Number of protein chains: 2
Amino acid sequence: MKKGEKRKLELLNIAYRMFISKGYENTSVDEIIAGAGIAKGTFYYHFESKKELLEAVIDMMLDREEEEAQKILGAPIPIPQKLVGVLASFRLETDEESIRDALHEPENIIMHEKTGRKIRERIIPLLSEVARQGINEGLFSCDDIPERIKIIVILANELFDRNGFSSTDIRVFIDVTEKTLGAPAGSMGFIEDFIKGDD
Amino acid sequence: MKKGEKRKLELLNIAYRMFISKGYENTSVDEIIAGAGIAKGTFYYHFESKKELLEAVIDMMLDREEEEAQKILGAPIPIPQKLVGVLASFRLETDEESIRDALHEPENIIMHEKTGRKIRERIIPLLSEVARQGINEGLFSCDDIPERIKIIVILANELFDRNGFSSTDIRVFIDVTEKTLGAPAGSMGFIEDFIKGDD
DNA sequence: CAAAACCGACTAACGGTCGGTTATTATGAT
DNA sequence: ATCATAATAACCGACCGTTAGTCGGTTTTG
């Protein structure tokens, strides 16, 4: 690996940690270069701007998440479990709980919004393929698959990525998901085991 | 009206226009006070911070939107039309098309996210009441009304508040809405006249 | 020796502060 | 009612610390 790439990766990881723990807005370039032990000029040799760094950090996060999703899709488990597994994995977004919380604080709106939007674009095609398999197996019954998956992904994201949802939210989500995909009522009740509400 | 309140309102309106047209981040306090013809100190006499100003601007926008929603709810029209009318009105968010576009540009993520979240909280109770009436009239059939309304509001917001949705998105949304509320299939097809997709 | 990587002093713009000034309103004696 | 005076509300603008970003020069690498 070339030296430049190595440094870039180092900065990416340092920035990732700082962005997550204190927010993008509250992390200064000075702090990042202090953490890396380099000078201002060096930073701007590798990145055009702080915003470009943010985009790069987000892309890195998305790569990791998509990898995780691919793992689940390749596993020998039933179709519905695959679908929900990916939804739940992409709900987690990061490995640590404290990090997840940080991602929802006001100062992290930008990061959260950007990751959310981008990850949807990546994951919808993957889940659409899974849904197609489900239809072939007779588990689901619907057309307009990508649009329906889009709806399910949006709901999972908006309903569950913050804390503050109830068990009723989960039940209704399951019901709507089943009806959206044309799955038999109750067939996806197992989702409840993946997500835990506040009450 | 007291002089202080008048000035505050003036600042609110100036800031509103600037935030919308160039984004919150790209609007400096210096520009706002130049627009109002006042000094820095005066601004900070009326507002504690730029963030507080943003919150005030957003609250002002929400008041206007909720007023609009109340108008629709008070009109002598069928229940489903009320429901959709409110969804569509809160989709518009502002009177001018150019302003709507601005609200979705990257620099306005913060404003958009904050307005979206707050307006949901305000509108869900209103629409839940409408849905209850619909059930009494035998048009809908479901329980967990607020949770189901929440889902519909989230979908309407996330699917349609940006450009870039298709007529298939609309058709699927109608289908999911009907099934979510337990309405007869096709009974809400009129929604298509409210929203126009890209294709 | 050329290109890649690095340095750090510097700048411009920003949000916010502060001590002082002017306008407005309330008060009380005549 | 009128007017002086006190009190408060509104306003001013120079100033500050922090920030993202620049640039000309230096060292390291291949």
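Order of the sequence lines fixes the chain letters, A, B, ..., with proteins taken first and strands second; residue numbering starts at 1 for each chain. In this text the structure is predicted, and so the values were computed from the model without any measurement.
OP1 or OP2 of D:dA10 has at least one side-chain nitrogen or oxygen of B:Tyr45 nearer than 4.0 Å. The side chain of A:Tyr44 contributes no N or O atom lying less than 4.0 Å from OP1 or OP2 of D:dT22.
Note: CD1 (B:Ile32) to C1' (C:dG15) measures 11 Å, nearest angstrom. We find that CD of A:Glu52 is positioned 14 Å from C1' of D:dA20, with the value rounded to whole Å. We find that NZ of A:Lys6 is positioned 13 Å from C1' of C:dA5, with the value rounded to whole Å.
Listed by chain and residue number, A:Arg120, B:Arg117, B:Arg120 satisfy the salt bridge (Lys or Arg N to Asp or Glu O under 4.0 Å) test with A:Glu158 (two or more places apart in sequence, or in another chain). Residues satisfying the side chain to side chain contact (heavy atoms under 4.5 Å, CB included) test with A:Ile174, not counting sequence neighbours, are A:Ile170, A:Glu178, A:Met188, A:Ile191, A:Glu192. Listed by chain and residue number, A:Lys40 satisfy the salt bridge (Lys or Arg N to Asp or Glu O under 4.0 Å) test with A:Asp30 (two or more places apart in sequence, or in another chain). Partners of A:Ile135 by side chain to side chain contact (heavy atoms under 4.5 Å, CB included), not counting sequence neighbours, listed by chain and number: A:Phe140, A:Cys142, A:Ile145. Residues satisfying the salt bridge (Lys or Arg N to Asp or Glu O under 4.0 Å) criterion with A:Asp175, sequence neighbours excluded, are A:Lys179, B:Arg148. By the side chain to side chain contact (heavy atoms under 4.5 Å, CB included) test, B:Arg122 pairs with B:Asp59, B:Leu62, B:Asp63, B:Glu66, sequence neighbours left out. For B:Phe47, the ring pair (Phe, Tyr, Trp, His ring centres under 6.0 Å) criterion is met by B:Phe43, not counting sequence neighbours.
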Tabulate atom names and distances for all N/O pairs under 3.5 angstrom spanning the protein and nucleotides 12-19 of chain D.
residue, atom, partner, partner atom, Å
D:dC12, OP2, B:Ala39, N, 3.0
D:dC12, OP2, B:Thr42, OG1, 3.0
D:dG13, N7, B:Gly41, N, 3.4
D:dG13, O6, B:Gly41, N, 2.8

Output a table of nitrogen or oxygen pairs between the protein and nucleotides 1-3 of chain C separated by less than 3.5 Å.
none

Each nucleotide N or O in nucleotides 25-30 of chain D that has a protein N or O under 3.5 Å away: list the pair and distance.
none

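In the set C:dG15, D:dA10, D:dG21, D:dA10 carries the atom at the smallest distance from any side-chain atom of B:His46.
Listed by first and then second residue, the salt bridge (charged side-chain N to carboxylate O under 4.0 Å, His left out) pairs that reach into residues 78-89 of chain A come to none, sequence neighbours excluded. Residue pairs meeting the salt bridge (charged side-chain N to carboxylate O under 4.0 Å, His left out) criterion with at least one member in residues 8-18 of chain A, sequence neighbours excluded: A:Arg7-A:Glu10.
Smallest separation of non-hydrogen atoms from A:Ile32 and A:Ala15: CD1-CB, 4.3 Å.
Put simply, B:Tyr44 and B:Ile14 are part of the same group of oily side chains (I, L, V, M, F, W, Y) that touch within less than 4.5 Å, one to the next.
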